[in-house]
Protein chains: 2
Amino acid sequence: MFTTKTNLMNPSLPDDQCPQFTTGTTEALDRAEAACRARGASLTAIRREVLELLYRSPTGVKAYDLLARIKEARPGASPPTVYRALDFLIEQCLVHKIERMNLFVACRQASHQIPSLFLVCPKCSGVTELQEQSVMSALSTSLAEAGHRLESPEVEISALCPKCVGAASAQCADGEGGALG
Amino acid sequence: MFTTKTNLMNPSLPDDQCPQFTTGTTEALDRAEAACRARGASLTAIRREVLELLYRSPTGVKAYDLLARIKEARPGASPPTVYRALDFLIEQCLVHKIERMNLFVACRQASHQIPSLFLVCPKCSGVTELQEQSVMSALSTSLAEAGHRLESPEVEISALCPKCVGAASAQCADGEGGALG
DNA sequence: ATCAGAAATGCAATGTTATAACATTGCATG
DNA sequence: CATGCAATGTTATAACATTGCATTTCTGAT
C-alpha cells in the first residue's frame, strides 16, 4: 500500500520542527529554488516568501491571509502579488490549491506517482495528502465506464480530521431524495 | 454494480424531453412540492422557480446566472433571493452544490443509499451523478485508516466529460514534485 | 558596458461569489 | 385585532480573484 501520508495537522510546533519536515524549511526552500532553476524558472523573493509561509503552515491558507502576512514585509503588496506567486508555485508543483475551499497548501510529497487524494477538514482547514492506489484504481474504472477522464491529478475529499471528529451532523444521507426518477 | 447514472449533459433537447426525465418538469416540481410538504417545509414560488431553472439545465448553473434569469420575472430579485432559495433546496436534498466550481445542480437521484460521486466537467460544467459502491468502499477504508470521517455524502471529481475529452493537458502528474521529503 | 527583449512586479480598477443586517409583508391562530 | 412566525425585500459589504497597463528588473548578446 503506497500510502505516503503526511500529517499537516499539528500547529503547535516551532518553525522548522514539524515532524513531516525531514529537514528545515530553509533547506526545503533551497531545494525548491534548485528545482525551479533546473526547469528554467526562477523562485524570486516574493515567490519564495509565499512558499515559506505555506511550508510553515500546518493547514491550508487563504490567499488573503497570505496577502496580509506578505504585506508585513511589503506594504505595497496587492492581490495580484499573491495570486501570481501562487500561480507560479502551482505550475511548479510546489503548491496545491484546494478548490472547494479556496485554500492553498504546500506540497509535501516527494513525487506524484499516483494522483493524490486530499482530505480537507471543513472545520480546521487541515489538509492531509494521501496517495492511495486502491481508491484511485476503483475511481479510474468508474470514470472509464462513464466515459470520463480524470482532469487533475488531485482529488479533494471533504472529511473531518481526527481532531475535529465529534460535532459533525450528516443529514441528506438517508433514503429520500430528488423528485425525479 | 449499483450505478444509477444520469446523463445531464445533453443541452439540445426541448423542455420536458430530456431523456433523464422520466416525466416532465412540471410533474417533477409537483413531486418536489409534495416531498417538501411531507417534511413540513414549503416549496414557495421563488424556490419553485429556482428549482425549475435547475431541472431544465443540463449543466450546473452559477448563482448569478440563476439570479439573472429570476430577474426576468422578478426585477426586484437580489443575491439573497437566490441564495436563500438555494439554501432551502439544498436542505431539502433537491439540489447539490458543486463546491469546487460554485455550481448548483438539481438532484436527479431517486434516493441516496450511497454517497454520490459527482463528475464535474471543467470545460462545460456538465455534471454526472454516480453512485459507485466500489469507489466508496475503497475510499471509506482509506479514510478510516487515516482517522478521518467523510463529512458530506458528496464527493466531487473534476473529470472531462465524454464530449470534452480531447484538449486536456495534464502536467504535474510526473515524477518530480515537492522539495520536501 | 550597454542595449533589447523577456520576465516580473506595482498598482488601480473591476469582476465574481456570498453573507450580514435590518425592515417589511403576509398569513395563520387565538 | 394582536401576536407570532416564515418568507421576502433592501442595502451594504465581505471575501475571493482577475484584468490591464505602466514600470522595473533580469538576462543574454553584442
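Note that the structure is a prediction, hence the values are computed from the model and not measured.
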- request: Kindly say whether, by distance alone, the side chain of A:R84 makes a donor-acceptor pair under 3.5 Å with the base of C:dG10?
  value: yes

query: Between A:N102 and A:K97, is any pair of side-chain heavy atoms under 4.5 Å apart?
result: yes

Phosphate-side-chain proximity, B:R47 and D:dA7, N/O vs OP1/OP2 below 4.0 Å: yes

- request: Determine yes or no for a side-chain-to-main-chain donor-acceptor pair under 3.5 angstrom, with B:E156 supplying the side chain and B:E99 the backbone.
  value: yes

- prompt: For the base of C:dA18, is there a side-chain donor-acceptor partner from B:Y64 under 3.5 Å away?
  reply: yes

task: Could you tell me the separation between the CD1 atom of B:I46 and the C1' atom of D:dT10, rounded to a whole number of Å?
output: 13 Å

- prompt: Taking the side chain as C-beta and beyond, is there a heavy-atom pair between A:Y55 and A:L29 under 4.5 Å?
  reply: yes

Under-4.0 Å side-chain N/O to phosphate OP1/OP2 contact, A:S78 with C:dA12: no

message: At less than 4.0 Å, is any side-chain N or O atom of B:T44 found next to OP1 or OP2 of D:dT8? Yes or no.
response: yes

- request: Return no unless some side-chain N or O of A:K62 is found under 4.0 Å from OP1 or OP2 of D:dC16.
  value: yes

- request: Examine C:dA18: is either OP1 or OP2 under 4.0 Å from a nitrogen or oxygen in the side chain of B:N102? Give yes or no.
  value: yes

query: Can you tell me if the side-chain N/O atoms of A:Y83 get under 4.0 Å from OP1 or OP2 in D:dT18?
result: no

task: Give a yes/no on whether any side-chain N or O of B:K97 is located under 4.0 angstrom from OP1 or OP2 of C:dA18.
output: yes

